[in-house]
There are 2 protein chains.
Amino acid sequence: MVRTVVEPAISEAPAAAGGESTAKGEQTRRLIVDTAVRLFGEQGYDKTTMRAIAAAAGVSVGNAYYYFPSKGHLVQAFYTTVQDAHADACRQVLAAPGPFVDRLRAAMLTGVETMAPYHGFAGSFFKTAAEPGSPLSPFSADSAPARERSLRMFADVVDGATTKIDPELRAELPELLWLAQMGVTLYWVHDTSPGQEKTRLLVERSAPLIDRLVGMSRYRVFRPVVREVLTLYRLLR
Amino acid sequence: MVRTVVEPAISEAPAAAGGESTAKGEQTRRLIVDTAVRLFGEQGYDKTTMRAIAAAAGVSVGNAYYYFPSKGHLVQAFYTTVQDAHADACRQVLAAPGPFVDRLRAAMLTGVETMAPYHGFAGSFFKTAAEPGSPLSPFSADSAPARERSLRMFADVVDGATTKIDPELRAELPELLWLAQMGVTLYWVHDTSPGQEKTRLLVERSAPLIDRLVGMSRYRVFRPVVREVLTLYRLLR
DNA sequence: GGTCGTAGTTGAACACGTTCAAGAAGGGCG
DNA sequence: CGCCCTTCTTGAACGTGTTCAACTACGACC
């Protein structure tokens, strides 16, 4: 078997502060994760075996498991990549303040747009993410960084909104919107319509709907029900 | 290995109408599914291997696959069992007409109650059901019978409700409530609180909430938004 | 009774994710 | 240089779900 020789790169300051990785280890880690991400994109989740990843990266199977506890953890890297792209795509649109409905639609739509190329892939690995104890679950500790980033994005959506919103609702809104996007993603994964046009329709039409509901929250009549929903949400979180 | 000899039972009318199974085949099929259901309940999904099922049933692994295309299809049988129990538990409560809120709470609560013993099990096999193409998905063709039965139950919940409901909403309500129960189940699977008390809380408090929203649907002010939601739902179904 | 076709049954074999005992590499220290 | 410790790497091995070619049992038909 042909083995690529990896030279030790530039000599590095030895683990300055809390550095848990040497230059060599980090290089192998990247090599593996890059190869995995590439193969996932090319062939989907199930078709991309750990043996194939290891072979393509020029390392042994065991070596991949030295850096990643499971195949699922390799997907986490893939997921992070996609999410970074989503955040980037949103930045421009969310730069200037504007109506809540536009910002919400933009955030959700670019999300669907960014994920689009990976629809098949997402379908095949979704089961892993849906498992309760899985590190890939959006609610898991392992997903905390990705979740935080996404939440910050929705906080930005709310902060830059010129629409008037009930203050109590406004505080919880980013989290609720993130949850809504999880719902959209759930629908998207199961959406078999060509180009996932149904999911686009869902976003296109639920954004104004959410906007209307949020707008209504300011009126006194709805205060009790809004409070009830928020209280329940806090209890269940 | 000890092998139970299976006598051909009572001689049977040969495949009267559309009968696709002989007596012997049906017996083996039942033997396998009963064994599988028992082991699933005793040890959970992952711990119960196909080899263990086959061994406990006194057949070969290949024989199990002759009757069931995959391990997941064996769970379908388990799921059906639980759902039957749920329907039975509801029948008594739903016999006499009453307020919508009571009927809804009862239906959902008995659902949680019926599933309770299998929480651990459900968690481990949930990933299989969540997969888009899976026959175990509640939206799949294979799940059609179970889905129909559940829908009929929620239709009963609505039909026997003495509460006044917007007719247009009333027509779609059973399906929406079924969807809501899917949501509750989704939460339940991920609920790690002792005895899944949080899920009970969710049902306990969301039933009056849904009731209130349904009640509000009759007022003219909300007609546009109700219609919008229903239209969107029909488009996405 | 014999023959044939279908239904039923078997267990070895495959590919997969994952584990693990063993070893190699490399650098710091006396 | 020699020793040791940590980091990194290996590939065989395990247990899993699933497949498949071969075999058996059995009822129907001539």
Side-chain angles (χ1 to χ4, degrees), chain A residues 1 3-9 11-15 19-32 36 39-40 43-55 57-75 124-125 127-128 131 134-136, chain B residues 1 3-9 11-15 19-32 36 39-40 43-55 57-75 124-125 127-128 131 134-136:
Chain A
M1 182 192 294
R3 182 76 45 79
T4 309
V5 175
V6 179
E7 52 260 273
S11 79
E12 189 193 33
E20 54 192 350
S21 58
T22 68
K24 190 184 175 191
E26 188 53 30
Q27 192 154 8
T28 309
R29 182 193 198 87
R30 278 261 214 282
L31 175 64
I32 292 169
L39 292 184
F40 281 149
Q43 327 177 335
Y45 182 72
D46 286 326
K47 293 262 178 74
T48 305
T49 69
M50 289 301 283
R51 284 168 179 79
I53 295 171
V59 300
S60 69
V61 201
N63 203 5
Y65 277 94
Y66 178 76
Y67 291 102
F68 301 93
S70 78
K71 190 182 177 184
H73 282 80
L74 277 168
V75 181
S124 60
F125 100 94
K127 63 166 183 292
T128 313
E131 184 159 29
S134 167
L136 276 157
Chain B
M1 184 191 293
R3 181 79 44 82
T4 310
V5 175
V6 179
E7 53 260 275
S11 78
E12 189 192 34
E20 56 192 350
S21 57
T22 68
K24 189 184 177 192
E26 188 53 31
Q27 192 151 13
T28 310
R29 182 191 198 88
R30 277 261 214 280
L31 175 62
I32 292 169
L39 293 183
F40 281 149
Q43 326 177 335
Y45 182 71
D46 286 326
K47 293 263 179 75
T48 305
T49 68
M50 290 301 284
R51 284 167 182 79
I53 294 171
V59 300
S60 69
V61 198
N63 203 6
Y65 278 93
Y66 178 77
Y67 292 101
F68 300 94
S70 78
K71 191 182 177 185
H73 281 81
L74 277 167
V75 180
S124 60
F125 102 92
K127 61 168 184 290
T128 313
E131 184 159 27
S134 168
L136 277 158

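Note on naming: letters A, B, ... go to the chains in the order of the sequence lines (proteins, then strands), and numbering restarts at 1 for each one.
One atom, CZ of B:Arg29, and another, P of C:dA7, lie 14 Å apart when rounded to the nearest Å. The distance from atom CD of A:Gln27 to atom P of C:dA25 is 17 Å, rounded to the nearest whole Å. In this structure, NZ of A:Lys71 is placed 8 Å from C1' of C:dG17, rounded to the nearest angstrom. B:Tyr66 places its OH atom 17 Å from the P atom of D:dT24, with the value rounded to the nearest Å. Computed from coordinates, the A:Phe40 CZ to C:dG17 C1' distance equals 12 Å when rounded to whole Å. Nucleotide C:dG17 holds its P atom 11 Å from the CG atom of A:Leu74, rounded to whole Å. Residue B:Asp46 contributes atom CG, which lies 12 Å from atom P of C:dT18 at whole-angstrom precision. The interatomic distance linking A:Leu31 (CG) with D:dC8 (P) rounds to 14 Å, in whole Å.
Here C:dT9 is the nucleotide among C:dT9, C:dT18, C:dC16 with the atom lying nearest to any side-chain atom of B:Lys24. When each of C:dT10, D:dT9, D:dT18 is scored by its nearest atom to the side-chain atoms of B:Val59, the top-ranked nucleotide is C:dT10. The nucleotide whose nearest atom lies closest to any side-chain atom of A:Arg51 is, among C:dT9, C:dT18, C:dT10, C:dT18.
Phosphate contact (OP1/OP2 of C:dG8, side-chain N/O of B:Asn63, threshold under 4.0 Å): absent. Side-chain N/O atoms of A:Thr28 include none lying less than 4.0 angstrom from OP1 or OP2 on D:dC8. The phosphate of C:dT18 (OP1 or OP2) has a side-chain N or O of A:Tyr65 nearer than 4.0 angstrom.
Mapped onto DNA chain C by nearest heavy atom, B:Ala64 and A:Thr49 fall at different nucleotides, with B:Ala64 at the one closer to the 5' end. Nearest-nucleotide positions on DNA chain C for A:Gly62 and A:Tyr45 put A:Tyr45 closer to the 5' end.
Judged by the 6.0 Å distance and 45° axis criteria, B:Lys127 is not positioned over the aromatic ring of B:Tyr45. Geometric assessment of A:Arg29 against the ring of A:Tyr66 yields a negative cation-pi assignment under the 6.0 Å and 45° thresholds.
Between the side chain of B:Thr48 and the backbone N or O of B:Gln43, no donor-acceptor pair lies under 3.5 Å.
Here the closest heavy-atom approach between residue B:Ala64 and residue B:Ile32 is recorded as CA-CD1, 3.8 Å.
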**Message:** One pair to check against side chain to side chain contact (heavy atoms under 4.5 Å, CB included): B:Asn63 and B:Thr28. What are the steps and the verdict?
**Reply:** CA-CA 9 Å; B:Asn63 203 6; B:Thr28 310; 3.8 Å; yes
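Within the nucleic acid shown, A:Tyr67 comes within 4.0 Å of sugar-phosphate atoms alone, with no base atom in reach, counting heavy atoms only.
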